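Worksheet: the structure to be examined is printed underneath.
Below, chain A is the first sequence line, B the second, and so on; all start at residue 1. Computed from a predicted structure; not experimentally measured.
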Amino acid sequence: DGGITQSPKYLFRKEGQNVTLSCEQNLNHDAMYWYRQDPGQGLRLIYYSQIVNDFQKGDIAEGYSVSREKKESFPLTVTSAQKNPTAFYLCASSTWQVDEQYFGPGTRLTVT
Amino acid sequence: AQSVSQHNHHVILSEAASLELGCNYSYGGTVNLFWYVQYPGQHLQLLLKYFSGDPLVKGIKGFEAEFIKSKFSFNLRKPSVQWSDTAEYFCAVNPIANAGGTSYGKLTFGQGTILTVHP
């Protein structure tokens with residue numbers, strides 16, 4: 001059963017702690033993406049990667065970091081430097097030509 | 001940088017009413033265009049896409065969209081909505097870098113439009 005998995009579905013952290021969100025895909029897609037979804041603001045791109053061991057900043061990369069050591073995995077770390085980390089985080093993947101993006105179920109992060 | 005604007009934040013309709021959701025983008029070159037839908041509690045999924053050819057594209061569940069290049073628009077339409085169409089709808093744009101169709105590698109999404117359909 002092909003697709004994108006994100007874990008966990010809900011995540012709670014205390015302010016000042018780093019937290020890593022998992023994203024795995026078995027679609028054999030080259031490109032992977034992380035978005036943040038806030039009410040009324042749509043999806044905003046955090047980071048994306050078109051190939052293993054390479055990634056680029058999106059529109060709102062400050063306070064986030066990523067790695068792409070394997071084609072199927074693209075974890076996102078929300079660091080303590082991110083001023084407003086509470087949000088719904090979506091991972092996506094696509095072929096290199098961005099035919100269409102396939103999305104995971106998302107992780108809702110709450111930081112208090 | 002390109003931007004995508006969706007005209008309405010929240011649209012409320014009764015069943016059988018016609019729907020049109022506006023989407024405008026700012027990018028002077030060639031683009032690929034998408035509409036995604038997020039039903040309550042479900043993954044974001046593709047409704048339809050436009051790459052080239054006939055500017056009127058048909059998607060799943062009776063949705064269609066028309067690309068008007070001169071207006072930089074890609075509006076979504078459905079002649080008769082159902083209660084099950086209640087969802088959030090997102091327009092997205094992918095700029096194309098060259099004539100060979102190589103993309104810049106990322107989508108820019110609009111703010112989203114929440115559609116509520118009353119039975």
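- Listed here is the closest heavy atom pair of B:His43 and A:Pro105: NE2-CB, 3.3 Å.
- One distance of note links CZ of B:Phe109 with CG of A:Asp59; it measures 11.5 Å at 0.5 Å rounding.
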Query raised in the report: After noting the C-alpha distance and the side-chain angles of B:Leu44 and A:Leu43, does the key distance pass the side chain to side chain contact (heavy atoms under 4.5 Å, CB included) rule?
Result: CA-CA 11 Å; B:Leu44 205 67; A:Leu43 278 69; 3.7 Å; yes
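- With a 4.5 Å cut-off on side-chain heavy atoms, A:Leu45 and B:Thr108 do not count as touching.
- Taking 4.5 Å as the limit, every side-chain heavy atom of B:Leu46 sits out of range of all side-chain heavy atoms of A:Tyr102.
- Under the 4.5 Å side-chain heavy-atom criterion for Ile, Leu, Val, Met, Phe, Trp and Tyr, A:Tyr47 and A:Ile60 are members of the same hydrophobic cluster.
- Neither the backbone nor the side chain of B:Gln42 comes within contact range of chain A, judged by heavy atoms closer than 4.5 Å.
- Interatomic distance, B:Gln38 CD to A:Phe88 CZ, rounded to the nearest 0.5 Å: 6.0 Å.
- Annotation: side chain of A:Gln37 is in contact with side chain of B:Phe90 (closest heavy-atom distance under 4.5 Å).
- Proximity of B:Tyr36 to A:Glu100: side-chain heavy atoms (C-beta onward) are separated by under 4.5 Å at one or more points.
- By the criterion of side-chain heavy atoms lying less than 4.5 angstrom apart, applied directly or through intervening Ile, Leu, Val, Met, Phe, Trp or Tyr residues, B:Leu76 is not grouped with B:Leu56; the two fall into different hydrophobic clusters.
- Using a 4.5 Å cut-off between side-chain heavy atoms of Ile, Leu, Val, Met, Phe, Trp and Tyr, with links allowed through other members, B:Ile114 and B:Phe63 fall into different hydrophobic clusters.
- Tracing side-chain contacts under 4.5 Å through hydrophobic residues (I, L, V, M, F, W, Y), one never reaches A:Leu21 starting from A:Phe103; they form parts of separate clusters.
- Note on B:Ile68: it does not cluster hydrophobically with B:Leu21, by side-chain heavy-atom contacts below 4.5 Å among ILVMFWY residues.
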